[in-house]
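Data block below; observations after.
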Amino acid sequence: MMKYQYLAVVFVIIMLPISLVFSAYIGAQLDTLDLQISYDTKLDNATYDAIKAFQLNTVNSSTSDIVNSKIKDIEAAANSFFASIATNFDMTGYNSDNLKEYIPALVFTLYDGFYIYSPFENTLDEETRSHLPPNVTYTGGEEVTGLKPYIYYSCRYVKGQMDVTITYSLDNYITVQGYDQNGKGINDAGYLLDDSLYYNDATGEVRYRGVNITSEPQLKECVGETEYAYVKINGVKYYKENDTNTWFTITNGRRSTVTNPFRDENNDMGYRYYVEAFNFKKRLQSYGVTSLKSSNAVGVNDITNADGEVIYSFTDAENNIFDFDGIEEPDSTFNNHRLAVIRYVIESNLTVALANYNNFGTGSYEFRMPKLAEEDWTRILDNVCLISFLQGISIGGKIYSGYSVINNNKNEEVVTENSIYIIENINDDNSDYHRITHKGLENMVNATTSRGVFNIDFERKSLGSTGSETTLYFYPHWNLGCYTCYVAQTNTVNSFTNIYEYLDGLSNKTLAKLYYTALGRERYSMYKVYRNAEEHVNQFK
């Protein structure tokens, strides 16, 4: 009996310290996990605040698509990020200056390229310095944190005499520059649409996916309490004063009169979208660009996932990039290639930016590009977004390395397939707007009174300030979102692969016509860098 008691005492003496150490280890790991979750949440919150600031600034700016204005909006969003993350981390002992050492980069992905906000060495020389305003204080060789030059989603292709660079976008718009199959220079841009697109130049007839596309009744929306007819040209809305031939714009909350009036007629922007896409395809064919394959791409590597598996190979993909049969659909050859190019350009440039940050960091931590999850890449490639990184902070048992991806589904940058809502009766402010997949919507719409509307036109916008400096706001459309399809989303059709397949299956083509016309109108009306803005505006006078 004594022997068993002796063994029990020995067991307790041996196991008790082990249990205490093990318990302390488990506790430390749990504390580390709690800190990691907390830091993930703080980073997500700061990233959301920044992208929300960008959304508010761009929705209320008629010049948000112009480079200088866009840079200001992005810098304001970056400032919001740093202010928010400093507030979130305030109780942990980190202030804004401390945290900047652990934030190697912010990435703002936009319509046809992206900005990286990170430290860099200013290479300002004395000659350039002499031309800057006297209030500019930085000098050459100084470390500066700010936006690096804009990087386009571009890829170079070489085939025979053809040597072109194609810039992709977040939708089916491309810019082509270089030399065609005969060695002749190219500088062209346009939208790529399905092979079903038909246009008769003699009669003006346009058909797309079995739907006749025509001009719309004149567009109208509210500014303040008054409804005005308007046209949207190159990203700017021009409103017509009622019963006059005077037009005005709302630019950054300020009302400005337009001296040259526009034609007072039906809106044909959607119609023009399809006509120009048809002609653009014919030009691409004449250049020989439509014969390009993925293997003609130069300077790109295969795309791999977080497990190192190849998910897109540029060398193995032998299908024609520009197969126009279903070219807009998510699983088309063109779309898969487009997404692969965009991903490669972002990933490769971001890898370099994070590696270069080690030249600016003061600690021993080595900053590096993490492998982003596939669902995060889906968000990045789907719309405008902000990618933020936070690395190098000790959280007990490990060093924190996290990132956050928040996208912005309501912006002036891109019109996606989900950006168009349908108002059942455009003449009734009490008529709800619906998602295109609202059950039974095809039987609720009318070709005359129903209308497709861009989602940001339901957002509040600024109308400037009164004499007492009170900011006034207005809603272009007062309609509210349908609760069952927009809010709760309990009354929507989900049994389809993509929106094109869904609309193709409808027997009543009125809904498809409303949707395709609105989608074309809003895409055609967007600001485009490629256009000569003055010439484009003059077409409508």
Side-chain angles (χ1 to χ4, degrees), residues 32 35-36 38-40 42-44 46-47 50 71 74-75 77-79 81-86 88-89 92-109 113-125 138-153 299-308 342-373 376-377 380 385-406:
T32 298
L35 269 178
Q36 177 158 339
S38 174
Y39 281 22
D40 286 343
K42 295 176 190 295
L43 183 59
D44 284 342
T47 308
I71 289 175
I74 293 174
E75 288 178 338
N79 290 335
F81 173 86
F82 286 111
S84 177
I85 202 166
N88 288 327
F89 276 87
T92 63
Y94 291 98
N95 58 34
S96 180
D97 292 333
N98 296 142
L99 287 168
K100 282 187 176 181
E101 296 182 10
Y102 304 102
I103 301 171
L106 301 177
V107 182
F108 292 86
T109 65
F114 61 99
Y115 285 105
I116 297 179
Y117 188 96
S118 67
F120 59 90
E121 184 177 312
N122 176 36
T123 57
L124 183 69
D125 56 35
Y138 56 81
T139 58
E142 180 183 2
E143 181 184 322
V144 179
T145 299
L147 293 179
K148 294 183 176 180
Y150 193 66
I151 302 170
Y152 287 94
Y153 304 136
V300 290
N301 296 324
D302 293 345
I303 304 297
T304 59
N305 60 19
D307 298 323
I342 295 175
R343 177 168 172 171
Y344 175 79
V345 174
I346 294 174
E347 198 166 31
S348 58
N349 283 277
L350 191 50
T351 298
V352 173
L354 292 184
N356 287 341
Y357 186 74
N358 292 305
N359 299 326
F360 299 98
T362 57
S364 58
Y365 179 80
E366 182 180 355
F367 293 85
R368 61 179 62 185
M369 174 72 178
K371 275 291 185 181
L372 276 60
D376 291 319
W377 276 115
I380 293 168
C385 82
L386 171 59
I387 315 169
S388 62
F389 297 88
L390 182 64
Q391 299 182 6
I393 299 179
S394 174
I395 53 174
K398 61 184 290 188
I399 300 298
Y400 180 80
S401 177
Y403 69 87
S404 178
V405 176
I406 304 292

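All values derive from a computational prediction rather than experimental measurement.
Annotation: cation-pi geometry not satisfied between Lys148 and Tyr115 (NZ/CZ under 6.0 angstrom from ring centroid, within 45° of ring axis).
Remark: Ile103 CD1 to Tyr117 OH distance equals 10.0 Å, nearest 0.5 Å. Between the OG atom of Ser401 and the CE atom of Met369 there is a distance of 10.5 Å, given to the nearest 0.5 Å. Here Thr47 contributes atom OG1 and Lys42 contributes atom NZ; the two are 13.5 Å apart, rounded to the nearest 0.5 Å. How far OG of Ser388 is from CD1 of Ile406: 7.5 Å, rounded to the nearest 0.5 Å. Note that the OH atom of Tyr153 and the CD1 atom of Ile346 stand 4.5 Å from one another [nearest 0.5 Å]. The distance from the CG atom of Asn358 to the CZ atom of Arg368 is 8.5 Å, given to the nearest 0.5 Å.
Taking every heavy atom of both residues into account, Ile387 and Val405 meet most closely at CG2-CG2, 4.0 Å. Heavy atoms only, all atoms of each residue included: Gly392 and Tyr102 are closest at O-CE2, 3.5 Å. What you find for Pro119 and Pro104 is that their closest heavy atoms are CD-O, 3.9 Å. Residues Phe108 and Ala77 come closest through the heavy atom pair CE2-CB, 3.8 Å. Considering every non-hydrogen atom in both Ser394 and Ile399, the closest pair reads CA-CD1, 3.9 Å. Summarising the geometry of Arg343 relative to Ile303, their closest heavy-atom pair is NE-CG2, 3.4 Å, with the distance given to 0.1 Å.
Counting heavy atoms from C-beta on, the side chains of Val107 and Leu386 never come closer than 4.5 Å.
The backbone N or O of Val345 sits less than 3.5 Å from a side-chain atom of Ser348, completing a donor-acceptor pair. Looking at Tyr357, its side chain never comes within 3.5 Å of a backbone N or O of Val352 through a donor-acceptor pair. Using modelled atom types, one side-chain atom of Thr109 and one backbone atom of Cys385 make a donor-acceptor pair closer than 3.5 Å.
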Given side chain to side chain contact (heavy atoms under 4.5 Å, CB included), test Leu350 with Phe389 step by step and report yes or no. CA-CA 11 Å; Leu350 191 50; Phe389 297 88; 3.3 Å; yes
Take Asp40 and Tyr400 through the side-chain hydrogen bond (donor to acceptor under 3.5 Å, both in side chains) test and state the conclusion after the steps. CA-CA 9 Å; Asp40 286 343; Tyr400 180 80; 2.5 Å; yes
Test log, rule side chain to side chain contact (heavy atoms under 4.5 Å, CB included), inputs Asn305 and Trp377: CA-CA 10 Å; Asn305 60 19; Trp377 276 115; over 6 Å; no
Go through the steps for Leu372 and Ile380 under the test side chain to side chain contact (heavy atoms under 4.5 Å, CB included), then give the verdict. CA-CA 10 Å; Leu372 276 60; Ile380 293 168; 3.5 Å; yes
Run Phe81 and Leu43 through side chain to side chain contact (heavy atoms under 4.5 Å, CB included) and show every step you take. CA-CA 9 Å; Phe81 173 86; Leu43 183 59; 3.9 Å; yes
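Residues Tyr403 and Asp376 have side chains that bring a donor and an acceptor to within less than 3.5 angstrom of each other. For the residue pair Lys371/Thr304, the side-chain donor-acceptor check at 3.5 Å is satisfied.
Not counting sequence neighbours, Glu75 has no partner by the salt bridge (Lys or Arg N to Asp or Glu O under 4.0 Å) test.
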